[in-house]
Engineer: 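One structure follows; several queries about it will come next.
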Number of protein chains: 2
Amino acid sequence: MTAAAPPMLTAVLDVARRQLGEVGPAALSLRAIAREVGVVPSALYRYLPGREAILTELIRSGYERLAGAVTEAEAAVPRADHLTRWRTTWRATREWAVAHPHEYALLYGTPVVGYRAPTETVGPATRVVLTLAQVAVDAQIAGARAPASEELGPEVMADAEAVRALLPELGLAVEVPIDPRLVMLVIDGWTTLFGAISFELFGHYERSVTARAEHLDLLARRRAAALGIVALGGATGRDHDGEAQSQA
Amino acid sequence: MTAAAPPMLTAVLDVARRQLGEVGPAALSLRAIAREVGVVPSALYRYLPGREAILTELIRSGYERLAGAVTEAEAAVPRADHLTRWRTTWRATREWAVAHPHEYALLYGTPVVGYRAPTETVGPATRVVLTLAQVAVDAQIAGARAPASEELGPEVMADAEAVRALLPELGLAVEVPIDPRLVMLVIDGWTTLFGAISFELFGHYERSVTARAEHLDLLARRRAAALGIVALGGATGRDHDGEAQSQA
DNA sequence: CGGCGTTCGTGAACAGTGTTCTCTCGATGG
DNA sequence: CCATCGAGAGAACACTGTTCACGAACGCCG
């Protein structure tokens, strides 16, 4: 967003991200960053208001790096293969997290900057769930329907309506009315995805789930089934009505 | 586990837990604790090997406090009402987390002690998921069956078998052979529960889910449905889907 | 060319942290 | 009554983030 990033600032942030990957968010030291850049600590205050600003910037760019890796993987899947797009999104998210555990922890672990996400990080933060939503909407356009009928409570329904109204301005391609249940099922999947990755990286699966990739794919297929997202070509999934959707 | 806890040690830990609730895990200061106890910092090293030991002990007791609140709430529900037991476990877990956000963050946020759970904390950490498992097993004994048939991959199947073999020694009352799918569905629910709470407390629901309690109950009912846990007496609750399961 | 002003980086300082070490009390046991 | 030993004090070390005064180098403009 800055007109032209000063080379010093980019050098600082590059070093900061490297050190973040080694020591983790809590141990990230402004003085250590300054040392590696080859400058005295106070010099950094020409470019940054403080340590928190470094973390905030790492959070913002972290969301974008994650979203970049995920959308790149998802974009490589044929558009009509909604189940593979869905599962690929899950798999790519986990693979990025496993490859960058400290960066993931900075994004989805305990908040470090004032226990409130800075406003400049909310935009990039939504891109993964938007990818999930796009797949779900595309599948719905292609004829997918959530198999189970469930009723949403009034407050949850209001949330779903509010989110639905927000979707177009977030860049979601919508050509069909969106069921509020669809919104809540996508949020369900989003929650499950990051819940499972956090459990894996934070050690809670240590004595139970060891086949992490396969397990996450199991969860992905379950949430896909709830959305009515079935395998391409019809009857591979467990779905009852064998109506295969048309595709380009 | 200590024979008799020295009064000084308990005083330190009490103060530490209080300060944890105010400033959070990252800002928990050994010197501040010593100040409030009325002693010089180095005096604490008579009783503790260092700051990490305080955090480890707070983690251990935190798991027990959470499990205590949850099992107390769950124990107040009639044994045969499996759905209410299940939903109550979810609700009580969230309510404890919301009431003690910093303590929750210490347990389920970014690991602070060496990125590996100390072995003395794994016991208490399993009690919530064991409660969920007990409800699921009781429901299965009463006739509940998971509606959807899904195939588990070989590695996930091996995990499920290993966990199943571990259950009896963890104190789970099992009188019936346990389906490996049941194991993985309980882990699914466990993951969803803490994923949703972490998302709420860590700010990721900020612009989407505002009806937190109702939303968590929606997730609880979805995971219960996957386990075949239905409302007592059939058609009670908002579930009007016909075919009630038989129950003792 | 000469001075000016702005920018950038330095270095010292302050308050705070976790941890280690030495020392001195004071109570307790023989 | 004296010796022992543990509890706590206090100083010190190596860090941390942050602030501030200073000085040197640079481009700009008359």
Side-chain angles (χ1 to χ4, degrees), chain A residues 2-59 102 105-106 109-116 118, chain B residues 2-59 102 105-106 109-116 118:
Chain A
T2 320
M8 179 69 163
L9 184 57
T10 69
V12 166
L13 292 176
D14 283 351
V15 169
R17 179 158 33 238
R18 255 215 43 253
Q19 295 204 357
L20 169 66
E22 295 172 357
V23 303
L28 190 66
S29 160
L30 183 143
R31 292 183 107 105
I33 295 169
R35 269 194 299 271
E36 184 169 328
V37 176
V39 88
V40 91
S42 60
L44 301 188
Y45 285 80
R46 297 271 165 202
Y47 308 93
L48 294 159
R51 196 189 98 113
E52 281 201 355
I54 300 181
L55 290 173
T56 300
E57 181 54 27
L58 290 180
I59 290 173
H102 287 125
L106 181 65
T110 313
V112 283
V113 288
Y115 241 85
R116 181 62 76 208
Chain B
T2 319
M8 178 69 163
L9 185 57
T10 69
V12 166
L13 293 176
D14 284 350
V15 169
R17 179 158 34 238
R18 255 215 43 254
Q19 295 204 357
L20 169 66
E22 295 171 358
V23 303
L28 191 65
S29 160
L30 183 143
R31 291 183 107 106
I33 295 170
R35 269 194 299 272
E36 184 169 328
V37 176
V39 90
V40 91
S42 60
L44 301 188
Y45 285 80
R46 296 270 164 202
Y47 309 93
L48 294 158
R51 195 190 99 113
E52 281 202 355
I54 300 181
L55 289 173
T56 300
E57 181 53 28
L58 290 181
I59 290 174
H102 287 125
L106 181 65
T110 312
V112 284
V113 287
Y115 241 85
R116 181 64 76 210

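Quick note on labels: first sequence line is chain A, next is B, and so on, each numbered from 1. Keep in mind it's a predicted model, so treat the numbers as computed, not measured.
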Engineer: Is any side-chain heavy atom of B:Asp14 closer than 4.5 Å to one of B:Arg18?
Structural biologist: no

Engineer: Nearest whole Å is fine: how far is D:dG8 C1' from B:Leu48 CG?
Structural biologist: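 Checked: the CG to C1' distance equals 15 Å.
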
Engineer: Rounded to whole angstroms, how far apart are CG on A:Leu30 and P on D:dT19?
Structural biologist: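 Going from CG in A:Leu30 over to P in D:dT19 covers 11 Å.
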
Engineer: Do A:Val39 and A:Val12 touch side chain to side chain, with heavy atoms closer than 4.5 Å?
Structural biologist: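 In short, these two side chains do not touch, never coming nearer than 4.5 Å.
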
Engineer: Looking at D:dT18, C:dT10, C:dG18, which one has an atom nearest to any side-chain atom of A:Val40?
Structural biologist: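 From the listed options, C:dT10 comes nearest.
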
Engineer: Send over the distance from A:Tyr45 OH to C:dT10 P, rounded to a whole Å.
Structural biologist: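 Distance, rounded to whole Å: 15 Å.
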
Engineer: Using atom CZ of B:Arg35 as one end and atom P of D:dG8 as the other, report the distance to the nearest whole Å.
Structural biologist: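 Result: 18 Å.
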
Engineer: In whole angstrom, what separates A:Leu44's CG from C:dG11's C1'?
Structural biologist: 15 Å

Engineer: Taking for each residue the nucleotide of DNA chain C with the nearest heavy atom, is it A:Gly38 or A:Arg31 whose nucleotide lies nearer the 5' end?
Structural biologist: A:Gly38

Engineer: Would you mind telling me which residue lines up with the more 5' stretch of DNA chain D, A:Leu28 or A:Arg46, judged by nearest nucleotide?
Structural biologist: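 It is A:Leu28, whose closest nucleotide lies nearer the 5' terminus.
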
Engineer: Mark yes or no for a side-chain to base donor-acceptor pair under 3.5 Å between A:Ser42 and C:dG11, with no hydrogen or angle criteria applied.
Structural biologist: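 Indeed, a donor on one side and an acceptor on the other fall under 3.5 Å apart.
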
Engineer: I want to check something: taking the side chain as every heavy atom from C-beta on, are A:Tyr45 and A:Leu30 in contact at a cut-off of under 4.5 Å?
Structural biologist: yes

Engineer: In whole angstrom, what separates A:Met8's CE from D:dA25's P?
Structural biologist: 18 Å

Engineer: After noting the C-alpha distance and the side-chain angles of B:His102 and B:Val23, does the key distance pass the side-chain contact (heavy atoms from CB on, under 4.5 Å) rule?
Structural biologist: CA-CA 8 Å; B:His102 287 125; B:Val23 303; over 6 Å; no

Engineer: From C-beta outward on B:Pro41, which listed nucleotide comes closest to its side chain: D:dT16, C:dT19, D:dT19?
Structural biologist: C:dT19

Engineer: Atom CD1 of B:Ile54 and atom C1' of C:dT19: how far apart are they, to the nearest Å?
Structural biologist: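 Going from CD1 in B:Ile54 over to C1' in C:dT19 covers 12 Å.
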
Engineer: Any side-chain N or O of B:Ser29 below 4.0 angstrom from OP1/OP2 of C:dG18?
Structural biologist: yes

Engineer: Is the shortest side-chain heavy-atom distance between B:Thr110 and A:Val112 below 4.5 Å?
Structural biologist: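 No - every pair of side-chain heavy atoms lies 4.5 Å or more apart.
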
Engineer: Tell me the interatomic distance from A:Arg51, atom CZ, to D:dT16, atom C1', rounded to whole angstroms.
Structural biologist: 9 Å

